[in-house]
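To start, the structure itself, in structure tokens.
Numbering of ligands and ligand atoms starts at 1, following listing order. From a predicted model like this one, the values you see are computed outputs, not experimental measurements. No hydrogens, no waters, no symmetry mates; every other heavy atom, side chains included, goes into these values.
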Amino acid sequence: MPTHQTVLLVGGTGRTGHRVLEQLLSRGASVRVIVRSPHKLRDSAAENPNLAVVEADLLSLSDDEVRCHLRGCDAVISCLGHVVSFRGVFGPPRDLVMQATARLCRGVEALQPPDPLKFVLMSSVSVNHPGGLDTRRGMFEKMIVWMLRGLVPPARDSQQAADFLWRNIGTANPFVQWVAVRPDTLLEGDVSDYALHEGLVSSLFAPASTNMANVAHFICELVANPKTWGTWKGKLPVIVNATSSKS
Ligand SMILES: NC(=O)c1ccc[n+]([C@@H]2O[C@H](COP(=O)([O-])OP(=O)(O)OC[C@H]3O[C@@H](n4cnc5c(N)ncnc54)[C@H](OP(=O)(O)O)[C@@H]3O)[C@@H](O)[C@H]2O)c1
């Protein structure tokens, strides 16, 4: 579905983020990206007149600057993730996704838009639905996930960001509505058939797979299609390739 909305995207240089960026632009959206390294943007996107590039480290921006970049946006998408290196995983900022989520959502609340702004977080199936609403994990798997969160900062970070949306933003916020998209093991590949589920459909020991292009497609549908947004707002949908769906 095409869209003429204005979208702020963070993490737009990442493996999934650049696909989100390309798909948003191809649907006609106006996109603002906040990136540390503009040279990492694909030429096809960088040359698009509907793209505005802000070169900055998101977490170093002042609250005023964050509000300035949010002003006039209909939606915000975060595809941030920790760089896969020792420093990226164990160095600061250990709470990158959580901090970015909180700063962006608080920035929107401060702006008090007349209609709620859509916030889409790229999350993961390693994240539990807050409030114990995922029933599929067994005790042993829960223990492994709990240990992972203790040992691997990005796992803890992703859970804290989802918890923040559920507990601190909630589902009746007048200024921010949100969806936390939970893909399984990320794969290359084109957009294909995919399935959406309210809860987990696989285990850490027998993972399903999700094309990054499908994550990008669903995120763009959330932003562009009011019906899709109405179905998933305030939820943590699990997205898997149709071929690996195990419901
Ligand atoms: N890998 C998987 O199988 C998997 C599965 C499910 C979910 N996920 C989740 O999906 C999300 C995105 O994954 P991905 O693999 O697409 O991401 P990615 O390719 O690692 O991209 C990460 C993005 O975050 C940015 N970033 C990293 N550290 C930053 C910092 N300190 N300040 C500002 N920006 C920073 C990167 O910018 P630069 O280009 O400047 O570094 C990049 O744009 C992650 O949260 C991940 O946990 C991953």
Atom pairs and distances, ligand 1 N/O vs protein N/O under 3.5 Å:
unit_1, atom_1, unit_2, atom_2, d
ligand 1, 1 (N), Arg15, NH2, 3.3
ligand 1, 3 (O), Leu186, N, 3.3
ligand 1, 15 (O), Arg15, NE, 3.2
ligand 1, 15 (O), Arg15, NH2, 3.2
ligand 1, 16 (O), Thr16, N, 3.0
ligand 1, 16 (O), Thr16, OG1, 2.7
ligand 1, 19 (O), Arg15, N, 2.8
ligand 1, 24 (O), Gly81, N, 3.2
ligand 1, 24 (O), Gly81, O, 3.3
ligand 1, 28 (N), Arg36, NH2, 3.4
ligand 1, 31 (N), Arg36, NH1, 3.3
ligand 1, 37 (O), Thr13, OG1, 3.3
ligand 1, 39 (O), Thr13, OG1, 2.6
ligand 1, 39 (O), Lys40, NZ, 3.1
ligand 1, 40 (O), Arg36, NE, 3.1
ligand 1, 41 (O), Arg36, NH2, 2.8
ligand 1, 41 (O), Lys40, NZ, 3.4
ligand 1, 43 (O), Gly11, O, 3.4
ligand 1, 43 (O), Thr13, OG1, 2.7
ligand 1, 43 (O), Gly14, N, 3.1
ligand 1, 45 (O), Leu80, O, 2.8

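- The heavy-atom pair separating Gly28 from Asn50 by the smallest distance is O-ND2, 4.1 Å.
- Residues meeting the ring pair (Phe, Tyr, Trp, His ring centres under 6.0 Å) test with His69, sequence neighbours left out: none.
- Comment: Arg19 does not engage Glu22 in a salt bridge, judged by the lack of any side-chain N to carboxylate O separation of less than 4.0 angstrom.
- Using a 4.0 Å cut-off between charged nitrogen and carboxylate oxygen, Asp63 and Arg103 count as a salt-bridge pair.
- Scored by the side-chain contact (heavy atoms from CB on, under 4.5 Å) test, Thr210 finds Pro183, Asp184, Val215, Ile239, Val240, Asn241 as partners (sequence neighbours excluded).
- A search for side-chain contact (heavy atoms from CB on, under 4.5 Å) contacts involving Asn225 returns Met1, Glu221, Lys227, Thr228, not counting sequence neighbours.
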